Each structure stands twice: as structure tokens, then as C-alpha cells.
Amino acid sequence: MKNIADALNKAQKAMGAAKKGAKNPFFKSKYADLNSVIEAVKEPLNSNGITILQRHAVTEHGPVVRTTLLHTSGEAIESDT
């Protein structure tokens, strides 16, 4: 995990905040939608050799969205939501 950890550290230093452009009328607030989050992180991650993949998967707990951060070295980190 050495290569992806180093690349994530560099990418995180370059990331800015996601823009809160979407509105939640129920709470009368704004939030950063998924497109805004992707826009904020994609360039810093890609510049450091990391690709974002999101796909559907089915686990023993039901369907999930699996997010993978894949580094050019072949190292990866995955998370299910």
C-alpha cells in the first residue's frame, strides 16, 4: 500500500472543497452533490496516478455501490456504500 498511500497524500494536499450548489428544500440548506464531489477530487487524484471507479455490486447484505481507488502501481482501496 506504499504507492497508493503516497499518491493519496499528494492528491489530498491538492484538493479543494466541493461546492455546495445543490439545495435541500426540506432543511433549507445547500449541500455538495456527487457531481460536485467528483469535480473536486478527480483532477488531484488523476494527476497522482489514481483512477476512481464506481460500480454496482451485490453482497450478502444487499446491493451496494463499490468505489475503488486504483493506482497505476496496481494497488487499490475499495469501499462499499
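Everything quoted here is computed from the prediction, not taken from an experiment.
Nearest heavy atoms, A40 versus A18: CB-CA, 3.9 Å. Across all non-hydrogen atoms, the minimal contact from V41 to P44 is O-CD, 3.3 Å. Between T51 and N46, the shortest heavy-atom contact is CA-ND2, 4.1 Å. Looking at every heavy atom in both residues, E75 comes nearest to N3 through OE1-N, 3.0 Å. Listed here is the closest heavy atom pair of A76 and T68: CB-CG2, 4.1 Å. Summarising the geometry of I50 relative to A7, their closest heavy-atom pair is CD1-CB, 3.7 Å, with the distance given to 0.1 Å.
In terms of the side-chain contact (heavy atoms from CB on, under 4.5 Å) criterion, residue partners of D80 (sequence neighbours excluded) are, by chain and number, T59, V64, R66. The salt bridge (charged side-chain N to carboxylate O under 4.0 Å, His left out) check on E78 picks up R55, with sequence neighbours excluded.
Within 6.0 Å of CD in Q54 there are more than 12 heavy atoms belonging to other residues, nucleotides or ligands.
Note: the hydrophobic cluster containing M1 also contains I52 (ILVMFWY, side chain heavy atoms under 4.5 Å, direct or indirect links).
Here the options are K10, M15, Q12, the test is side chain to side chain contact (heavy atoms under 4.5 Å, CB included), and the partner is L45; only M15 passes.
A donor-acceptor pair is defined here as one N or O able to donate and one able to accept, closer than 3.5 Å; no such pair exists between the side chain of S79 and the backbone of T67.
With rounding to the nearest 0.5 angstrom, the CG atom of L70 is 6.0 Å from the CG atom of L53.
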